Amino acid sequence: MWKKILKIRDKAVSFCGGLNNLLLLIQSCSENSRIQISALYNALSPNSSVVPWHRTVWETTNFPSHSFICWLAIQDRLLTIDRLIKRGLMNSNNCCLCTGSENRNHLFFECCYSREVWLKIMDWLSFKWQSCDWNQIVIWYCDRLKGNGFKQRIKMMALTTAVYSIWRERNFRIFRQKARPADQLFRDIKFNIYSFVLNGSFKAEDREWIISL
Ligand SMILES: [Zn+2]
């Protein structure tokens, strides 16, 4: 039994893209400090029914840790301040990126900080439309971003990387008192995607496209 538990642990860590992510998932499936086994089972079950955003989040070119944070965000499971207040763990809501109140839709991307980052990404990748409304963005990614082309995959990577990087920036500000301006965060995201493409085995025309932007 012990062997099996260790095997499942390793599987769960790899599914979540790291131990910290697994701990975050377990936390997100807890109510009043008690783990909800059914919620955890559903979250880890590979047989769960396919949702419309499955490919946007889990596209194979996405960084696994970015997919995971985006997966929690899309289900509104990240422990944002509004959720901590509902659990009685905090009593005031101040976004650490601006002067508003923190919740999922505020962080992605209504907040003036994250709005600046996301609009710069949309500009950089030549999106033909612009929106900072989470629901509109998810619907567009699910319904309109079809096909397996390089540009589509990079746009999925851009969303998951943006969500991950903004969540990380928020945590750095809260737990490490370190802050980066929006422009620097955007440049870091761009650098991440650039280096992934330039170091990967992509066609010359795909590399040229991203360099030309
Ligand atoms: Zn904010």
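Bear in mind the structure is a predicted one, so any value in this text is a computation, not a measurement. Whatever order the structure lists ligands and atoms in, that order sets their numbers, starting from 1. Worth knowing before you read on, the calculation uses all heavy atoms, side chains too, and leaves out hydrogens, waters and symmetry mates.
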Using ring centroids (six-membered ring only for Trp), state whether Phe191 and Phe186 fall under 6.0 Å.
no

If the threshold is 4.0 Å, N to carboxylate O, is there a salt bridge linking Glu102 and Arg170?
yes

Would you mind checking if Glu169 and Arg180 are paired as a salt bridge, meaning a charged N to carboxylate O distance below 4.0 Å?
yes

With 2.8 Å as the threshold, which protein atoms of type N, O or S lie near the Zn ion (ligand 1)? Leave waters out.
Cys95 SG, Cys98 SG, His106 NE2, Cys111 SG

Going by the rule side chain to side chain contact (heavy atoms under 4.5 Å, CB included), which residues pair with Lys128 if we only count those two or more places apart in sequence or in a different chain?
none

Residues passing the side-chain hydrogen bond (donor to acceptor under 3.5 Å, both in side chains) test with Asn105, sequence neighbours excluded, are none

Give the other cluster members for Leu6, using side-chain heavy-atom distances under 4.5 Å between Ile, Leu, Val, Met, Phe, Trp and Tyr residues; answer none if it is isolated.
Met1, Trp2, Ile5

